[in-house]
Peer 1: 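One structure, pasted below without further comment.
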Amino acid sequence: MDQETDPSLFQPSPGSMRYLPIALSLRDRSCAVVGGGLVALQKCKILGDAGARLTVISPQVLEELASLIAQKQYTHVQRAYRQGDLRGHDLAVIATSEPAVQEAAAQEAQALGTLVNVVDRPELCSFIMPALLVRGDIVIAVSTSGRAPGFAAALRDRIAAWLGPEYGAALEIARRLRQVWKSQNLPMGERRRRAQLLLGDEFLNAVRTGDLESARTYIEKVQGEAVPREILRGLVP
């Protein structure tokens, strides 16, 4: 069983899950964004943060998007979308409100086997983009399966109110400790128990306030042994 899958938390009724949430690597993968407005800018930022190589297809783009294209050395095809523009791309986002372009691009993507998201047209999508919350290497995706994107964003913001930046720092500590636990050949169940204790309020409060000495004391209590100071070096929530 996948270490991160708890059967008690995954109990959909048969056929109820309309989309499979996955963490997709786009590092150095070619992606196309059709459109040059605010939505296109938002999608370019998300895809760019994931390491994608972007091609933006639009006659005009917002000034901020033009600046992003120049800064990141993305490709800008300065004209309207044409059939064939999606060839060679692994993923495409159609961020234009023109129905004819949406439908033509979706059809091309389907024929090419290219993953495609058509903004606000879930029936034309092979994937949908969730509302994202990022805390360091923690990425939380909230999806309503395309039913109500605004609701997903509101729920994401509610989660963000209590999931502060200290969680990202706590994850880095857990990553470092995991290497120690593996070298000690600790059983998987014991490693998971210790990782869960790193979500304790006492520990998170210490990390949140930058009291790394108290955080180290807490970890030593969890492990029952001394912890090298290097485990906490350079961590600022």
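Keep in mind that this is a model prediction, so the values were computed, not measured. These numbers come from the heavy atoms of this one structure, side chains and all, not from hydrogens, waters or symmetry mates.
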Peer 1: Any donor-acceptor pair under 3.5 Å linking the side chain of Arg191 with the backbone of Leu186?
Peer 2: yes

Peer 1: Tell me, do Leu124 and Val116 make a side-chain contact under 4.5 Å, heavy atoms counted?
Peer 2: no

Peer 1: Determine, step by step, whether Arg121 and Glu103 satisfy the salt bridge (Lys or Arg N to Asp or Glu O under 4.0 Å) criterion, reporting the C-alpha distance in whole Å, the side-chain angles of both residues, the deciding distance to 0.1 Å, and the verdict.
Peer 2: CA-CA 9 Å; Arg121 296 287 301 276; Glu103 291 161 14; 3.5 Å; yes

Peer 1: Main chain of Phe127, side chain of Asn117: is a donor-acceptor contact present, judged purely on distance under 3.5 Å?
Peer 2: yes

Peer 1: Do Tyr167 and Val142 belong to the same hydrophobic cluster, where Ile, Leu, Val, Met, Phe, Trp and Tyr are linked whenever their side-chain heavy atoms lie under 4.5 Å apart, directly or via other members?
Peer 2: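 Same cluster: Tyr167 reaches Val142 through Ile, Leu, Val, Met, Phe, Trp or Tyr contacts under 4.5 Å.
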
Peer 1: For residues Val207 and Val180: do they belong to one hydrophobic cluster (side chain heavy atoms under 4.5 Å, members Ile, Leu, Val, Met, Phe, Trp, Tyr)?
Peer 2: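 Hydrophobic grouping puts Val207 with Val180.
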
Peer 1: Are Gln184 and Glu225 close enough, and set up right, to give a side-chain contact (heavy atoms from CB on, under 4.5 Å), and what steps lead you there?
Peer 2: CA-CA 12 Å; Gln184 295 173 336; Glu225 60 186 21; 2.9 Å; yes

Peer 1: Hey, is CZ on Arg193 packed in by over 12 heavy atoms from elsewhere, all under 6.0 Å?
Peer 2: yes

Peer 1: Between Arg79 and Asp85, is there a salt bridge with N-O shorter than 4.0 Å?
Peer 2: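 So Asp85 pairs with Arg79 through a salt bridge.
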
Peer 1: Inspect the surroundings of OH in Tyr19 and state if more than 12 heavy atoms from other residues, nucleotides or ligands are less than 6.0 Å away.
Peer 2: yes

Peer 1: Do Asn205 and Asp211 come close enough that some side-chain heavy atom pair is under 4.5 Å?
Peer 2: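 No, every pair of side-chain atoms sits at 4.5 Å or beyond.
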
Peer 1: Count the heavy atoms of every other residue, nucleotide or ligand shown that sit under 6.0 Å from CG of Leu38, and state whether that count exceeds 12.
Peer 2: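 No.
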
Peer 1: Could you tell me whether Gln73 atom CD has more than 12 heavy atoms of other residues or ligands within 6.0 Å of it?
Peer 2: no

Peer 1: CD1/Ile57 to OG1/Thr96 distance, rounded to the nearest 0.5 angstrom?
Peer 2: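 One gets 11.5 Å once the value is rounded to the nearest 0.5 Å.
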
Peer 1: Nearest 0.5 angstrom please: Leu62 CG to Leu68 CG, how far?
Peer 2: 11.0 Å

Peer 1: Hey, is CD on Glu64 packed in by over 12 heavy atoms from elsewhere, all under 6.0 Å?
Peer 2: no

Peer 1: For Ala104 and Tyr81, which heavy atoms make the closest approach, and how far apart are they?
Peer 2: O-OH, 3.7 Å

Peer 1: For the side chain of Ser58 and the backbone of Gln60, is there at least one donor-acceptor N/O pair under 3.5 Å apart?
Peer 2: yes

Peer 1: If hydrophobic clusters are built by linking Ile, Leu, Val, Met, Phe, Trp and Tyr wherever their side-chain heavy atoms come under 4.5 Å apart, do Leu54 and Val77 end up in the same one?
Peer 2: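 No, Leu54 and Val77 fall in different hydrophobic clusters.
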
Peer 1: Got a second to check how far Lys72's NZ is from Asp49's CG, nearest 0.5 Å?
Peer 2: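 One gets 7.0 Å once the value is rounded to the nearest 0.5 Å.
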
Peer 1: Looking only at non-hydrogen atoms, find the nearest pair between Ala206 and Ser214 and report the distance.
Peer 2: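 Minimum heavy-atom contact is CB-CB, 4.0 Å.
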
Peer 1: Kindly give the heavy-atom pair with the smallest separation between Ala105 and Leu86, and that separation in Å.
Peer 2: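 Heavy atoms of Ala105 and Leu86 come nearest at O-CD1, 3.4 Å.
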
Peer 1: I need the minimum non-hydrogen distance between Gly146 and Pro149, along with the two atoms involved.
Peer 2: O-CD, 4.2 Å

Peer 1: Looking at side-chain heavy atoms only, is the closest gap between Leu232 and Ile219 below 4.5 Å?
Peer 2: yes

Peer 1: Does Val93 reach the side chain of Met129, with side-chain heavy atoms less than 4.5 Å apart?
Peer 2: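 The answer is yes; the side chains approach within 4.5 Å.
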
Peer 1: Are the charged groups of Glu190 and Arg192 less than 4.0 angstrom apart, N to O?
Peer 2: no

Peer 1: Closer than 3.5 angstrom, by distance alone: can the side chain of Arg156 be matched with the main-chain N or O of Leu132 as a donor-acceptor pair?
Peer 2: yes

Peer 1: Answer whether the closest heavy-atom distance between the side chains of Cys44 and Val56 falls below 4.5 Å.
Peer 2: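 Yes, their side chains come closer than 4.5 Å.
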
Peer 1: Around atom CD of Glu63, are there more than 12 heavy atoms from other residues, nucleotides or ligands closer than 6.0 Å?
Peer 2: no

Peer 1: Answer yes if the side chains of His89 and Thr114 hold a donor-acceptor pair under 3.5 Å, and no otherwise.
Peer 2: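 Short answer, no.
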
Peer 1: Let me confirm one number: the CG-CG distance from Leu115 to Asp90, rounded to the nearest 0.5 Å.
Peer 2: 8.0 Å

Peer 1: Is Ile173 close to Ile231 at the side-chain level, that is, under 4.5 Å between some pair of heavy atoms?
Peer 2: yes

Peer 1: Taking side chain as C-beta onward, heavy atoms only, is Arg216 less than 4.5 Å from Leu212?
Peer 2: no

Peer 1: Could you tell me whether Glu172 and Arg233 make a salt bridge, using a distance below 4.0 angstrom between a side-chain N and a carboxylate O?
Peer 2: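 No.
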
Peer 1: Taking Arg29 for its side chain and Arg53 for its backbone only, find out whether a donor-acceptor pair lies under 3.5 Å.
Peer 2: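 Not at all, since once roles are kept as given, no pair shorter than 3.5 Å links the two residues.
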
Peer 1: Mind listing the closest non-hydrogen atom pair of Ala106 and Val118 along with its distance?
Peer 2: CB-CG2, 4.1 Å

Peer 1: Which pair of non-hydrogen atoms, one from Ile138 and one from Gly168, has the smallest distance, and what is that distance?
Peer 2: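 Shortest heavy-atom separation between Ile138 and Gly168 comes out as CD1-N, 4.1 Å.
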
Peer 1: Could you check whether any side-chain heavy atom of Leu24 comes within less than 4.5 Å of a side-chain heavy atom of Leu91, counting everything from C-beta outward?
Peer 2: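 Answer yes - side chains close enough.
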
Peer 1: What is the distance from atom OH of Tyr74 to atom CG of Leu47, rounded to the nearest 0.5 Å?
Peer 2: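 Reported to 0.5 Å precision, the distance equals 8.5 Å.
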
Peer 1: Do Val61 and Leu41 share a hydrophobic cluster, counting only Ile, Leu, Val, Met, Phe, Trp and Tyr and linking them when any side-chain heavy atoms are less than 4.5 Å apart?
Peer 2: yes

Peer 1: Grouping I, L, V, M, F, W and Y whenever their side-chain heavy atoms are under 4.5 Å apart, do Ile128 and Val34 come out in a common cluster?
Peer 2: no

Peer 1: Could you grab the distance from atom CG of Leu155 to atom CG of Leu133, nearest 0.5 Å is fine?
Peer 2: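 Leu155 CG to Leu133 CG: 10.5 Å, rounded to 0.5 Å.
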
Peer 1: Heavy-atom count check: over 12 atoms from other residues, nucleotides or ligands less than 6.0 Å from Glu213 CD?
Peer 2: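 Yes - once you tally the heavy atoms of other residues, nucleotides and ligands closer than 6.0 Å, there are more than 12.
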
Peer 1: Would you call Arg82-Glu108 a salt bridge at under 4.0 Å N-O?
Peer 2: no

Peer 1: Go through the steps for Arg135 and Glu166 under the test side-chain contact (heavy atoms from CB on, under 4.5 Å), then give the verdict.
Peer 2: CA-CA 8 Å; Arg135 295 285 188 252; Glu166 68 274 10; over 6 Å; no

